[in-house]
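Contents: one structure, followed by commentary.
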2 protein chains.
Amino acid sequence: MRRPATLASLAAELGVSRTTVSNAYNRPDQLSPELRRRVLETARRLGYPGPDPVARSLRTRKAGAVGLLLTENLSYAFRDTHALTFLEGLALACEDAGQGLLMVPANPEREDVAAVHRAGVDGFVVYSVPDDDPHLAAVLERPVPTVVCDQPELDTVDRVGIDDQLAITHLARHLLDLGHRRIGVVCMRLARDRNDGFVSLDRQQAAHFHVQRARLAGLAATFSAAGVDWTQVPVVERFDHTTASGESAAAQILDRDPGITALICTSDILALGALTEARRRGLRVPHDLTVTGFDGIPEADRAGLTTVRQPVLEKGRAAGKLLFDTHEHSRPRTVTLATELVVGTTATVPRGQDDRWFGP
Amino acid sequence: MRRPATLASLAAELGVSRTTVSNAYNRPDQLSPELRRRVLETARRLGYPGPDPVARSLRTRKAGAVGLLLTENLSYAFRDTHALTFLEGLALACEDAGQGLLMVPANPEREDVAAVHRAGVDGFVVYSVPDDDPHLAAVLERPVPTVVCDQPELDTVDRVGIDDQLAITHLARHLLDLGHRRIGVVCMRLARDRNDGFVSLDRQQAAHFHVQRARLAGLAATFSAAGVDWTQVPVVERFDHTTASGESAAAQILDRDPGITALICTSDILALGALTEARRRGLRVPHDLTVTGFDGIPEADRAGLTTVRQPVLEKGRAAGKLLFDTHEHSRPRTVTLATELVVGTTATVPRGQDDRWFGP
DNA sequence: TGTAAAGACCGTAACGGTACAGAACCATTT
DNA sequence: AAATGGTTCTGTACCGTTACGGTCTTTACA
């Protein structure tokens, strides 16, 4: 496991210059085939493993890899459908470009940004971290191109995302058209601190996760415009993004306000949990309770969830493409992908309004 | 995005040595708090982003990351349950060690090994690649510690795995005990070339994927010992690891040999496909046809599959631990994890033998 | 035969840091 | 007054490579 030989020692052994040995590996056309053969053979004999990648990176200023920063523990990324799909898209772009993908271990608990500083990469992709995350700050300080995804726009970096506010506005209008006025909302974590429970207006507006803030803002604006008093709408937050969270959050809202006719969840995972809780309570969806999600994951499709579909794989791929596309351009660039309202079977007119609504 | 300042220019600006600036970042106790404050403030003023990670890696000979080599396209890793679980385990170990995880883009189609050479990592984990894979060879040439998983033992590197042959022997004996003598086998790819169809004895024995070879060998040995003529056992291979492959492979075997009483699949994914195909043909499992898998993925559990459970997450974690554990030891080390025969509801006595078997 | 072009190889100067040994300074101790 | 020890800072020697701008030799062609 030692590194016995270097390019220099090889050159000395062969009686040629270091440049020539380097060329044997990187520019075969720059030396005679015969000499190249000798170089490679001697390399084999001395156990020289070829040019050291780190030294090469230092000299060429290219690492051949992009760093990925996630808000969660590394291992979490491999459990979350949504994150996985994004990663798959990003990986596709990396493959095309022949670039490696370095997953940076950014423990959200500790504020240890050393891992960001140590990452030898040509660029970063930052996926859905809170806007006050110290790891994000550390990335932004690094003098490499960066693409953020599902983040607010920043002056200095490219961005990929959807128009969360617009997308959920369509959903909200759909529910309003159906006649819903008494609603509850289940959302994902809004900040780095855990707050499993009802969310104050302040916290909603100060949310550090762009995506959640935008969705709540879209809901608030749309329902307010329709005459719903948003301050009276129960909004429950869950730190962990699991179906279990969706269940308990739905329970919390239904306990406090059994009169609501629709439960709007800001993710499909949460919505699937809400469905489970509704079933447990003997509420028929959608007849007794309308439930909606957001994301358009396959499981939601199977469950017939009314939701908003977003192209997650495309987001990953677009992020990679932005990073690898080094054409002239004026930064920052923004790619906003299209979303689609998916009308499933979990939303209908509120109970008791069937006739009134469609009547004369 | 330029890198305007370096440690040297900072030092010049401040009128101190480069060492002192370096210490301000890496050894705060080596200089007075006052000077350190000045250094960091000047750094901010000049836009110095802190020591360059690549240069640091060159000097310290530490990259702070491990490379991961997979047999598949990068993006595939994010789609396969089994690979994901392994990755999750590996990621856990990486987190604990504060190391990054670099996914090396090793396209199995092209023989382009450059990505392996360019990877600035402190070690490699190689997961289930064929033993003649050029990327594997390239990794072995690199002077860094390496752990292989689901591979045959190699002289120079550590290994993590299970005893595939022993594990499937237990399964085979279970089926023999139930009375099965006429069986068919569905296996995953055995080499780098695509061969979707029946597998010759030669190809079975020359398989380049250790795991598959060991499992086939275990089956051959066990059934032969019980008097079954292995040369007459239909073995069908599928290149793609999908349930669709399982379906078509099962069909291929059942078409050729409708008389078999058990279909042994070397993975749960394939077995789940086989179940689908059996259902399509109106065969009741296990009454008309016994189907078994291997791996113990959650979906198999849900389907009640009779299978062998292996600790995939643990494999990943163990691989990481081996890599990070730098204690004195004599290489190569081997970690062999335990497996467990899971008796589900998809295997029973062969049709027509019910009485004979349990009778007097 | 002269001259340009091409081919093969080389020397030097970075790339941006950290390790290590030691120097300068000051306050205590002997 | 000399020795001791701790703190703070410095100088030099690398880490292993590639970029760049040469030189020298050979070949091609008029």
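Computation of the quantities below employed the complete heavy-atom set of this structure, encompassing side-chain atoms and omitting hydrogens, waters and symmetry-equivalent molecules. The structure displayed is predicted, hence computed values, not measured ones.
- Regarding Leu58(B), its CG atom lies at a distance of 12 Å from the P atom of dG17(C), rounded to whole Å.
- Phosphate contact (OP1/OP2 of dT18(D), side-chain N/O of Arg61(A), threshold under 4.0 Å): absent.
- A salt bridge links Arg61(A) with Asp52(B): the closest approach of a Lys/Arg side-chain nitrogen to an acidic carboxylate oxygen falls below 4.0 angstrom.
- In this model, the phosphate group of dT18(D) is approached by a side-chain N or O of Asn26(A) to a distance below 4.0 Å at OP1 or OP2.
- Distance, Arg142(A) CZ to dG16(C) P: 13 Å, rounded to whole Å.
- The CG-P distance, from Leu7(A) to dC15(C), rounds to 19 Å in whole Å.
- Residue Ser32(B) places its side chain closer to dT8(D) than to any other of dG16(D), dT8(D), dC10(C).
- Using a cut-off of 4.0 Å between Lys/Arg side-chain N and Asp/Glu carboxylate O, Glu72(A) and Arg79(A) are scored as not salt-bridged.
- For Arg27(A) and dC10(C), the CZ to P distance is 16 Å, given to the nearest whole Å.
- Distances shown here put a side-chain N or O of Tyr48(B) below 4.0 Å from the OP1 or OP2 atom of dG17(C).
- Here dT18(D) is the nucleotide among dT18(D), dG16(C), dT18(C) with the atom lying nearest to any side-chain atom of Ser22(A).
- A sub-4.0 Å separation between OP1 or OP2 of dC9(D) and a side-chain N or O of Thr20(B) is absent.
- The residue Arg36(B) sits apart from the nucleic acid: no heavy atom pair falls under 4.0 Å.
- Using a 4.0 Å heavy-atom criterion, one finds that Val16(A) contacts the sugar-phosphate atoms exclusively.
- Rounded to whole Å, atom P of dT23(D) lies 21 Å from atom CG of Leu31(A).
- At its two ends the helix from dT1(C)-dA30(D) to dT30(C)-dA1(D) runs along axes set 40° apart, each axis drawn from five pairs and the angle rounded to 10°.
- For Asp155(A), the CG atom sits in a loose shell: 12 or fewer heavy atoms of surrounding residues, nucleotides or ligands are nearer than 6.0 Å.
- Note: NZ (Lys62(B)) to C1' (dG17(C)) measures 16 Å, nearest angstrom.
- The distance between atom CG of Asn23(A) and atom C1' of dC20(D), rounded to the nearest whole Å, is 12 Å.
- For Arg56(B), a side-chain nitrogen or oxygen approaches OP1 or OP2 of dT18(C) to under 4.0 Å.
- Each of His210(A), Lys315(A), Arg159(A) was checked for a side-chain hydrogen bond (donor to acceptor under 3.5 Å, both in side chains) with Asp150(A), and the lone residue meeting it is Lys315(A).
- Side-chain nitrogen and oxygen atoms of Ser17(B) include at least one within less than 4.0 Å of the OP1 or OP2 phosphate oxygen of dT10(D).
- The shortest side-chain heavy-atom distance between Glu13(A) and Tyr48(A) does not fall under the 4.5 Å cut-off.
- Residue Thr60(B) has no polar side-chain atom (N or O) positioned under 4.0 Å from OP1 or OP2 of dG17(C).
- Looking at Arg44(B), Arg38(B), Arg37(B) one by one, the single match for salt bridge (Lys or Arg N to Asp or Glu O under 4.0 Å) with Glu41(B) turns out to be Arg37(B).
- For Thr19(B) and dG11(D), a side-chain-to-base donor-acceptor distance below 3.5 Å is present, hydrogens and geometry of angles not being considered.
- Side chain Arg59(B) to base dA19(C): no donor-acceptor pair is found below 3.5 Å.
- For Ala55(A), counting side-chain heavy atoms from C-beta on, the closest listed nucleotide (dT18(C), dA19(C), dT17(D)) is dT17(D).
- Residues Leu92(A) and Leu313(A) are in side-chain contact: their nearest non-hydrogen atoms beyond the backbone lie under 4.5 Å apart.
- For dG11(D), its base never sits under 3.5 Å from the side chain of Arg18(B) at any donor and acceptor pair.
- The separation between Leu35(A) atom CG and dT26(D) atom P is 16 Å, rounded to whole Å.
- Using a 4.5 Å heavy-atom cutoff, the side chains of Gln99(B) and Arg118(A) are in contact.
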